[in-house]
Colleague: 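This is the structure I have questions about; it appears just below.
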Amino acid sequence: MFTIVSIRRAPRLSRALATHASASTRTPARTWRRDEIQAIYDTPLLDLVFRAASVHRQNQDPSKIQLCTLMNIKTGGCSEDCSYCSQSSRYDTATKASRLVQIEPVLEAARKAKENGSTRFCMGAAWRDLAGRKSGFERILEMVREVRGMGMEVCTTLGMLSPDQARQLKEAGLTAYNHNLDTSREFYPSVITTRSYDERLDTISAVRDAGISVCSGGILGLGESDKDRVGLIWEVSK
């Protein structure tokens, strides 16, 4: 037998497409302990969904979303051995290495993305870092400047960055930089051996110090334990 409970609902908001995510009203970040994160992780799923939705509504307009378009500007040939990526040096796949895309095709893709409602344009390149790629980096900086000039937010993921490279991206108008931690510090060597966890954190610090928004997360299903998942969340929370 089911019991029907009457709930007073707030007025329904019409769904609308955001031209930009609502400004956040977050309070300064707190320091989380691992045991606190573990307690959240162990929360029953539907309770966790409810709590997450409540926090979202406190900080964002729930009737709006932001559309982003991602373009791959350099495929394959990466020297990293990430176990989850078909473009890594670990695997022999059908993925063919290509050179960095020229500027005009990127701008054309950005124009189409804007026409289709996207307000952020993201560009990703498959390589370890920008070492020895001075001309390529200059081309990317021009891409960032041109796309930002269209009135769009711009995001890139280009591997590891130095503080000076992060500063140049900021000056070009970069909005956000994606650099995932992938998993916990303890499990990381089981996923990648060609770079260290601290190198990932160094890039995130360089991006943050340059005044660029950091986009960072991880991947589930790599063989990690629940403890590793909590460890990833703990690292990201910092």
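FYI, side chains are in, hydrogens and waters are out, and symmetry mates aren't considered; it's all heavy atoms of this structure.
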Colleague: Which heavy atom of I192 sits nearest to which heavy atom of Y84, and what is that distance?
Modeller: CD1-OH, 4.0 Å
Colleague: Should S83 and R90 count as side-chain neighbours, where that means a heavy-atom distance under 4.5 Å?
Modeller: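 Result yes, sub-4.5 Å side-chain heavy-atom pair found.
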Colleague: Take atom CG in D92; do more than 12 heavy atoms of anything else shown fall under 6.0 Å from it?
Modeller: no
Colleague: Between the side chains of D198 and R185, is the shortest nitrogen-to-carboxylate-oxygen separation below 4.0 Å, so that they form an ion pair?
Modeller: yes
Colleague: Among all residues two or more places apart in sequence or in another chain, which pass the salt bridge (charged side-chain N to carboxylate O under 4.0 Å, His left out) test with D228?
Modeller: none
Colleague: Do Y188 and L181 have side-chain heavy atoms sitting under 4.5 Å apart?
Modeller: no
Colleague: Are T156 and N178 side-chain neighbours, meaning at least one heavy-atom pair lies under 4.5 Å?
Modeller: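 Not in contact.
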Colleague: Which heavy atom in A110 sits nearest to a heavy atom in M150, and how many Å separate them?
Modeller: CB-SD, 3.9 Å
Colleague: Which value, rounded to the nearest 0.5 Å, describes the distance between E80 atom CD and C85 atom SG?
Modeller: 10.0 Å
Colleague: Around F50, counting heavy atoms of other residues, nucleotides and ligands shown, do more than 12 lie under 6.0 Å from its CZ?
Modeller: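 12 or below, so no.
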Colleague: Give a yes or no on whether a salt bridge exists between R34 and E186, defined as a side-chain N under 4.0 angstrom from a carboxylate O.
Modeller: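 Judged by the 4.0 Å cut-off on N to carboxylate O distance, R34 and E186 do form a salt bridge.
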Colleague: Is the shortest side-chain N to carboxylate O distance from E142 to R145 below 4.0 Å?
Modeller: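 A salt bridge links E142 with R145.
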Colleague: R195 pairs by salt bridge (Lys or Arg N to Asp or Glu O under 4.0 Å) with which of D81, D129, D202, D182?
Modeller: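 When D81, D129, D202, D182 are each tested with R195, the salt bridge (Lys or Arg N to Asp or Glu O under 4.0 Å) holds only for D182.
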Colleague: Is any side-chain heavy atom of F137 less than 4.5 Å from a side-chain heavy atom of Q168?
Modeller: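 Yes - at least one pair of side-chain heavy atoms lies under 4.5 Å apart.
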Colleague: Start with the C-alpha gap between T119 and Q66, add the side-chain angles, then the distance that decides, and say whether side chain to side chain donor-acceptor pair (under 3.5 Å) holds.
Modeller: CA-CA 7 Å; T119 57; Q66 182 181 28; 2.9 Å; yes
Colleague: I'd like to know if E108 and R111 make a salt bridge, using a cut-off of under 4.0 Å between side-chain N and carboxylate O.
Modeller: yes
Colleague: Distance-only, no hydrogens or angles: does the K74 side chain make a donor-acceptor pair with backbone N or O of G76 under 3.5 Å?
Modeller: yes
Colleague: Tell me whether the count of non-hydrogen atoms from other residues, nucleotides or ligands lying under 6.0 Å of NZ in K96 goes above 12.
Modeller: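 Result for NZ/K96: open.
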Colleague: Output the distance between atom CH2 (W127) and atom OG1 (T75), rounded to the nearest 0.5 Å.
Modeller: 11.0 Å
Colleague: Salt bridge or not between E36 and R30? Use side-chain N to carboxylate O under 4.0 Å.
Modeller: yes
Colleague: Using a 4.5 Å cut-off on heavy atoms from C-beta on, say whether the side chain of I73 contacts that of I140.
Modeller: yes
Colleague: Does any part of the side chain of R229, heavy atoms only, come nearer than 4.5 Å to the side chain of D226, both counted from C-beta?
Modeller: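 Heavy-atom side-chain distance check passes, below 4.5 Å.
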Colleague: How about V154 and M123: do any of their side-chain heavy atoms sit closer than 4.5 Å?
Modeller: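 Sidechains of M123 and V154: in contact.
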Colleague: On a heavy-atom basis, which atom in A176 and which in R120 lie closest, and how many Å separate them?
Modeller: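 Closest approach of A176 to R120, heavy atoms only: CB-NH1, 3.7 Å.
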Colleague: Should T183 and I219 count as side-chain neighbours, where that means a heavy-atom distance under 4.5 Å?
Modeller: no
